[in-house]
Every structure is written in structure tokens, then in C-alpha cells.
Amino acid sequence: MKDKRQLIASTDNQTKSGIMVGISACLLGDEVRFNGGHSRSKYCCGPLQDYFRFEKFCPEVAAGFGIPRATLRLIGEPHDPRMVYTRDQETDVTEQFHAGYQARLEKLAHLDGYILAKNSPSCGMERVKVYQPNSHPHDIKSAGLFAKALMDRYPHLPLEEDGRLNDAHLRENFVQRVFAHHTFRQQVLTAPSVKNLLAFHSQYKYILMAHSQTEYRGLGRLLGQEHQQYTINELCDLYLQRFMKAISKPASRGNHYNVLLHLFGYLKPHLEGEVKQDILNTFESYLQGYVNLATALTLLHHYLRLFGSHYVQAQRYLSPYPKALGLRNQV
Ligand code: SF4
């Protein structure tokens, strides 16, 4: 049986096996952009390389447009745009572009996340311009054509853009989603059963609660009284869909504070009054924004190691991804 310290460290151990994440090739420094340059991302090429095994892909190169190449843009209806050359809008290359990534798209079911280059008519995840016949962009923005195909084919896959990874909250949330997706595939999809779903739900209780108490309870009902309406594969799919949606946005400071108090509840019988007050003061400082989440959790973790049950120590909230990434130092 695992001892308590092993339970807490489980996420750190898990990462060394590598988590497969797709990425726009130019973000890894490949010189595949239209001008023969790249858009190397320091963060992707730095800390994330230690934990993610990247699979890079450039859909414009795959479509045979060459390097260097004329620039491309989206035109027409923002919900169903066409791809053309910026300087030759009579030449519609949409079908050629789609044909270039099809085979690759079908082989991405093993991924746990995808990082896309921003603003690209191919890879941009959102806010990509779609031009009108008068060459002005529509007010409504779109996703790049490859990004949209990726979202349609793998609707539960955590996606993020390189630019948004500069935001500490979005970065923390993306990495958490990738690790949760990986855990779900490893623990549930390799042997789908209600028992494994319940075990996953139990481990992720406080992560869900930090995002939505309502959906934590809703997913509990899905696995309880409602699960007989579905086949096991339908149930896994529905659970993953709702789970990923529930955690898709960063949790608020107030919700984290509530979770800290819930976890503190496990310690109350074991602690002296003064120690309890110190912990509560630290939580309060976190709520007020004077200290970061890592500070509050380090203190809590210390006492949970000493007094927490296996159940509480196995909570992914305490260790959703490797501590060395330092993500909770910035939120
Ligand atoms: S943004 Fe996408 S299509 Fe453009 S160079 Fe990078 S990988 Fe290729």
C-alpha cells in the first residue's frame, strides 16, 4: 500500500512518463512561417518541455503551400469562412488546406492538450480576422481553419493559445486541464466503468468545487441515480464533456478560499487553537490577495501530511500537476 507521502507526490511521479500535447510547429522554433521565420515560445520551449512531449505540426506546410509562401487570410461568412491568398483573393485554397491536415487530424486521439499559435488563419484559436469584400474585417471573429477542425473533432481536448499562456491564471488553468485530461484517459478510458468514474470524481472533488459546486453535485448525480440511462461509453463521454467544461475557466479566489476552508475542516480536531488561527489568517491573506495560492496550500499541505486521511491526501486539488512548474506561485 502507498504511504501518505507517495499519495501526495503521485502527480509529480506521473509526469515523468510524459504527456502528449500537440503544438503549432512554429512555436517550437521551426522555421515554417510564411516568411521562413518562427514564433518560438519561451514558455513552451522552457518549463513545459520537461513535462509535455510535444507533437508539432504545421497545417499550412502539410497543405503544400511551401516556405516561404504568400500570406493567407480568411474571407466571407465568419461562421464558415474561406481561405484565400491575401494578394489573390480569387484563388480559393480552402479545400487544399483541409485536405492537407485530414490524415493527421484522425491520429490525435492520444493527445491531452494542444497549444496553438495566435492570430493565424490556420491555427488561431479565437479572434482570427475574417475579411469582408471591402477588405475590412468583420466585427465577428473566427477561429483558424485547423483550430476549428481540431475543436470539432476533439471537443473535450484542452486547447490554449501561446499568447494566452502569458497570463498566469490562464496558464495555470490550461496545465491543470491537460493533467486532468491525461488522468481521465489513464484511469477511466483504459477500463471504463462506473467504479472508475466514481474514483476519478472523488479524486477531483475539490478541483471541481473550486470551479463549480453546482456541477460537482450535478456530476455526482450523473454517476449516481442517472447513470443507468446511458451505456458506459456514453456515460464516460458525457462525464468528460461536463467535467472539462466545468473546469474550462480559472477558478476565482473566493472559490479557492472556500475549498481551503473545506480542507481545513479535516484538520480541526487535530490542531491547537493558535495553530488553527495562524492557518485561517493565512487563508484570509490569500483571499485579500496579499499572498498567493501556493503559500496557503503549502501551510495546509504540511498539516494534511501529518493528520490527513488517505482520502484527503489523494485529492488532486493538492497536487494537480508538478509543483516545480510553480504555477500556483502566481495565482
Ligand atoms: S501558425 Fe500554424 S500554420 Fe502558421 S506557421 Fe505556425 S504552425 Fe504553421
Side-chain angles (χ1 to χ4, degrees), residues 19-49 52-76 78 80-89 91-131 137-138 141-155 157-167 170-171 174 178:
I19 291 179
M20 310 296 278
V21 171
I23 189 166
S24 298
C26 56
L27 296 178
L28 286 189
D30 284 18
E31 295 177 335
V32 291
R33 293 193 67 212
F34 70 96
N35 58 2
H38 59 75
S39 310
R40 191 172 187 277
S41 156
K42 269 194 198 160
Y43 189 62
C44 296
C45 295
L48 288 186
Q49 288 258 39
F52 294 168
R53 273 198 269 160
F54 284 125
E55 287 196 6
K56 60 189 178 181
F57 181 62
C58 174
E60 291 182 15
V61 170
F65 295 149
I67 311 167
R69 55 186 172 273
T71 55
L72 298 157
R73 65 165 46 171
L74 300 181
I75 63 166
D80 187 20
R82 308 293 297 174
M83 181 178 272
V84 296
Y85 289 112
T86 304
R87 296 215 171 147
D88 172 16
Q89 301 195 15
T91 305
D92 186 324
V93 294
T94 313
E95 298 314 320
Q96 181 184 346
F97 181 76
H98 285 317
Y101 65 70
Q102 278 308 329
R104 176 75 170 215
L105 190 66
E106 293 310 310
K107 294 182 187 154
L108 301 180
H110 61 293
L111 297 183
D112 288 309
Y114 213 107
I115 302 176
L116 293 154
K118 65 179 177 182
N119 297 334
S120 157
S122 306
C123 292
M125 189 181 86
E126 57 181 28
R127 298 186 311 276
V128 175
K129 289 178 184 163
V130 179
Y131 290 86
H138 279 281
K141 304 284 191 285
S142 182
L145 297 191
F146 174 69
K148 184 167 186 319
L150 190 63
M151 289 185 247
D152 289 345
R153 179 70 180 78
Y154 302 100
L157 186 66
L159 299 186
E160 197 45 277
E161 283 187 341
D162 62 312
R164 286 165 50 96
L165 288 175
N166 293 326
D167 179 293
L170 296 176
R171 181 166 64 232
F174 173 67
V178 170

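Note that ligands are numbered from 1 as they come in the structure, with each ligand's atoms numbered from 1 the same way. The structure presented is a predicted model; accordingly, all values stated were derived computationally and were not measured.
Salt-bridge check for R164 with E126: passed, with a basic side-chain N closer than 4.0 Å to an acidic carboxylate O.
The aromatic rings of Y101 and F146 stand perpendicular to each other, their planes meeting at an angle above 60°, with 30° marking the opposite boundary.
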task: List the steps, then state whether side-chain contact (heavy atoms from CB on, under 4.5 Å) holds for Q89 with R73.
output: CA-CA 9 Å; Q89 301 195 15; R73 65 165 46 171; 3.2 Å; yes
- prompt: Y154 and L105: side-chain contact (heavy atoms from CB on, under 4.5 Å), yes or no, with the steps?
  reply: CA-CA 9 Å; Y154 302 100; L105 190 66; 4.2 Å; yes
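Scanning both residues, S142 and P78, for their nearest heavy atoms gives OG-O, 3.3 Å.
Pairs engaging residues 24-44 under the salt bridge (Lys or Arg N to Asp or Glu O under 4.0 Å) rule: D30-K56 [sequence neighbours left out].
For ligand 1, the 4.0 Å heavy-atom shell takes in S24, A25, C26, V32, R33, F57, C58, P59, E60, R69, A117, S120, S122, C123, ordered by chain and residue number.
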